[in-house]
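Okay, handing you the structure first.
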Amino acid sequence: MLQNVSVGLVADWLVTYAGSEKVIAEFIKLFPQSDLYSVIDFLSDESRSRFMNKRAKTTFIQKLPKAKSNYQRYLPFMPLAIEQLDVSKHEIILSSSHAVAKGVLTGPDQLHISYVHSPIRYAWDLQHQYLREVGLDKGIKSYIARMLLHKIRLWDCRTANGVDHFIANSQFIARRIKKVYGRDADVIYPPVDVNRFELNFNKEDYFFTASRLVPYKRIDLIVEAFSEMPNRKLVVIGDGPEMQKIKSKAKTNIEILGYQPDSVMQEYMRNAKAFVFAAEEDFGIIPVEAQACGTPVIAFGKGGALETIRPLGVDKPTGLFFQKQTVADIIEAVTNFDNDFESFNLHDCRNNAEKFSVERFNNEILNYITDKYESFKLKGTSGVCNI
């Protein structure tokens with residue numbers, strides 16, 4: 001049905017290879033003849049190989065100073081930029097959006113399906129947290145930032161009307177879409193390459209966490225908690241602006257390795273007795289990857305983690321939750337985990353992770369797009385002239 005259909009794929013920006021880019025990569029596999037569009041495209045050669053070496057058609061922001069390293073500064077111009085991308089030749093538009101991609105302009109004879117990782121986080125319910133983290137919560141600069149974010153919210157709501165169908169990456173995000181846009185969203189969990197990870201039963205006596213070291217990931221809380229548990233070892237992999245702050249909190253039982261290649265991270269994840277996760281994420285791919293190794297997860301009980309981890313107290317548990325992002329709650333959760341370690345069957349962790357596989361995602365997405373396109377074409381040919 002879709003073999004000869006022209007498809008356009010729209011991304012927010014292509015700089016690193018993370019969650020939204022992984023969705024685009026799978027879209028490209030499903031529609032290899034598609035065209036790719038993005039505000040900017042600075043992918044590395046390694047990442048581009050996952051995109052079948054496609055290069056995106058970009059906007060004027062691509063040529064602005066320091067667009068590669070400081071593209072966030074151009075956020076106020078991105079709504080204008082995304083609207084300048086001409087996708088009019090395509091019958092189907094698929095956008096992978098956590099910022100502006102869903103705002104691409106489409107016509108009544110085009111089907112626009114938007115896979116939403118989140119409405120623009122820093123413009124909606126996380127605005128106040130974002131402004132505090134970047135030091136814009138006070139003064140004239142704060143006032144200007146709030147005005148710009150207000151205008152982005154207005155634009156974000158208006159452009160929701162240009163989307164025919166929303167797909168959310170979790171039930172948590174479906175609720176956020178309903179709150180922000182007043183629209184229902186179908187849920188298809190994102191692709192997790194569980195086949196990259198091997199189930200390992202020979203666990204070593206340490207806990208593990210890995211992330212970009214940015215404030216909302218709350219790696220600082222995990223490090224503080226383990227600094228108060230000197231008899232428990234923690235290994236941290238990741239780099240980012242919080243590195244020095246986190247290092248200053250670490251005691252001798254904590255090993256901070258900085259950035260490491262995938263092979264090293266996988267080895268630490270496979271051998272850890274548990275993965276510790278303190279962020280409120282929209283979905284959270286890395287806890288699923290940990291489970292694919294047979295590694296249970298100790299997680300903050302909010303956001304997407306509630307949908308990917310089976311907590312103690314239910315059949316076939318794969319982890320446990322703590323209820324507040326505090327040092328005391330993490331210490332209590334780690335202690336409870338150690339006391340109940342025998343309750344976890346590592347096969348159950350692996351089996352749970354496989355529910356989020358790439359193959360499952362591709363089947364669900366292709367069936368969804370096919371169904372919506374058939375309905376769309378049927379409506380387009382059923383008009384009646386009453387003159």
Side-chain angles (χ1 to χ4, degrees), residues 19 118 168-176 187-192 194 197 199-201 203-211 216-219 221-226 228-229 232-236 268-357 360-361:
S118 177
N169 72 352
S170 65
Q171 296 290 347
F172 177 63
I173 292 304
R175 294 194 297 274
R176 188 176 276 170
V187 175
I188 297 178
Y189 292 115
V192 182
V194 296
F197 302 89
L199 179 60
N200 180 33
F201 293 98
K203 301 299 184 182
E204 298 178 17
D205 191 20
Y206 67 88
F207 295 82
F208 178 62
T209 191
S211 171
Y216 87 93
K217 296 290 188 178
R218 302 318 310 265
I219 302 298
L221 281 183
I222 299 173
V223 169
E224 281 187 59
F226 276 85
E228 295 185 20
M229 297 184 286
R232 292 185 171 100
K233 180 181 178 182
L234 173 70
V235 175
V236 181
Y268 276 100
M269 190 179 287
R270 290 180 67 246
N271 294 327
K273 65 190 301 185
F275 182 81
V276 188
F277 187 73
E280 178 185 334
E281 287 280 19
D282 308 324
F283 174 76
I285 286 178
I286 197 164
V288 178
E289 294 176 337
Q291 291 172 78
C293 301
T295 301
V297 181
I298 302 168
F300 177 45
K302 197 171 180 182
L306 293 173
E307 301 172 49
T308 62
I309 299 163
R310 298 179 59 81
L312 275 174
V314 304
D315 186 40
K316 299 180 179 180
T318 66
L320 57 80
F321 296 124
F322 53 93
Q323 300 308 313
K324 296 178 182 178
Q325 288 173 310
T326 67
V327 169
D329 275 57
I330 294 173
I331 291 173
E332 181 181 3
V334 171
T335 302
N336 291 339
F337 175 84
D338 271 341
N339 292 338
D340 289 308
F341 182 71
E342 298 303 322
S343 300
F344 298 101
N345 182 315
L346 305 190
H347 271 300
D348 291 338
C349 293
R350 175 71 188 193
N351 291 339
N352 189 54
E354 288 177 347
K355 297 175 185 176
F356 304 96
S357 70
R360 180 270 327 161
F361 173 83

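Values below: all heavy atoms of this structure, side chains included; hydrogens, waters and symmetry mates excluded. Quantities reported herein were computed from a predicted structural model and do not represent experimental measurements.
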| Take atom CG in N339; do more than 12 heavy atoms of anything else shown fall under 6.0 Å from it? |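 Yes, because the 6.0 Å sphere around CG of N339 holds more than 12 heavy atoms from other groups.
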| What is the minimum heavy-atom distance between A225 and I330, and which atoms define it? |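 What the structure gives for the nearest pair is CB-CG2, 3.6 Å.
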| field | Heavy-atom side-chain proximity of L199 to H347 below 4.5 angstrom | value |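 The answer is yes, as the side chains (C-beta and beyond) meet within the 4.5 Å cut-off.
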| query | F321 versus F300: any side-chain heavy-atom pair under 4.5 Å? | reply |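 The answer is no; the side chains never approach within 4.5 Å.
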| message | What's the separation between atom CG in L312 and atom CG in N336, rounded to the nearest 0.5 Å? | response |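 With rounding to 0.5 Å, CG (L312) is 8.5 Å from CG (N336).
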| Non-hydrogen atoms of S211 and I219 that approach each other most closely |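 Minimum heavy-atom separation between S211 and I219: CB-CD1, 3.8 Å.
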| request: Can you measure from CG (N200) to CZ (R350) and round to the nearest 0.5 angstrom? | output: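 Rounded to the nearest 0.5 Å, the CG-CZ separation comes to 11.5 Å.
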| Min side-chain heavy-atom separation F172-L306 under 4.5 Å |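 No, every pair of side-chain atoms sits at 4.5 Å or beyond.
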| query | Which pairs pass salt bridge (charged side-chain N to carboxylate O under 4.0 Å, His left out) with one or both residues in residues 304-331, sequence neighbours excluded? | reply |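 Listed once each, the pairs would be none.
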| said: Looking at every heavy atom in both A168 and A174, which two are closest together, and how far apart are they? | reply: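 That closest heavy-atom pairing would be CB-N, 3.5 Å.
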| field | Y189 side chain vs R360 backbone, donor-acceptor pair below 3.5 Å | value |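 Pair absent, no side-chain N/O of Y189 close to backbone of R360.
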| Heavy-atom closest contact (T326 atom, L221 atom, distance) |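 T326 and L221 have their closest heavy atoms at N-CD1, 4.0 Å.
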| request: Taking the side chain as every heavy atom from C-beta outward, state whether T335 and R232 have any atom pair closer than 4.5 Å. | output: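 Yes, their side chains come closer than 4.5 Å.
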List the atom pairs, donor and acceptor, that lie under 3.5 Å between side-chain atoms in residues 274-299 and the rest of the protein, sequence neighbours left out.
from: E281; atom 1: OE2; to: K217; atom 2: NZ; distance (Å): 2.2
from: D282; atom 1: OD1; to: R176; atom 2: NH1; distance (Å): 3.4
from: D282; atom 1: OD2; to: R121; atom 2: NE; distance (Å): 2.8
from: D282; atom 1: OD2; to: R121; atom 2: NH2; distance (Å): 2.5
from: E289; atom 1: OE2; to: R196; atom 2: NH2; distance (Å): 3.2
from: Q291; atom 1: OE1; to: T318; atom 2: OG1; distance (Å): 2.9
from: Q291; atom 1: OE1; to: N352; atom 2: ND2; distance (Å): 2.8
from: Q291; atom 1: NE2; to: P287; atom 2: O; distance (Å): 3.2
from: Q291; atom 1: NE2; to: T308; atom 2: O; distance (Å): 3.1
from: T295; atom 1: OG1; to: K203; atom 2: NZ; distance (Å): 2.8
from: T295; atom 1: OG1; to: M269; atom 2: O; distance (Å): 2.7

| field | Side chain to side chain, F208 and K233, heavy atoms closer than 4.5 Å | value |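 No - every pair of side-chain heavy atoms lies 4.5 Å or more apart.
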| task | Please state whether the rings of F341 and F344 are parallel, tilted or perpendicular, taking 30° and 60° as the class boundaries. | result |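 Tilted: the ring planes of F341 and F344 meet at 30° to 60°.
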| task | Before giving the answer on side chain to side chain contact (heavy atoms under 4.5 Å, CB included), spell out for K273 and D338 the whole-Å C-alpha distance, their side-chain angles and the decisive distance to 0.1 Å. | result | CA-CA 9 Å; K273 65 190 301 185; D338 271 341; 2.9 Å; yes
| query | How are the rings of F207 and F226 set relative to one another: parallel (under 30°), tilted (30 to 60°) or perpendicular (over 60°)? | reply |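 Because their plane-to-plane angle lies in the 30° to 60° range, the rings of F207 and F226 count as tilted.
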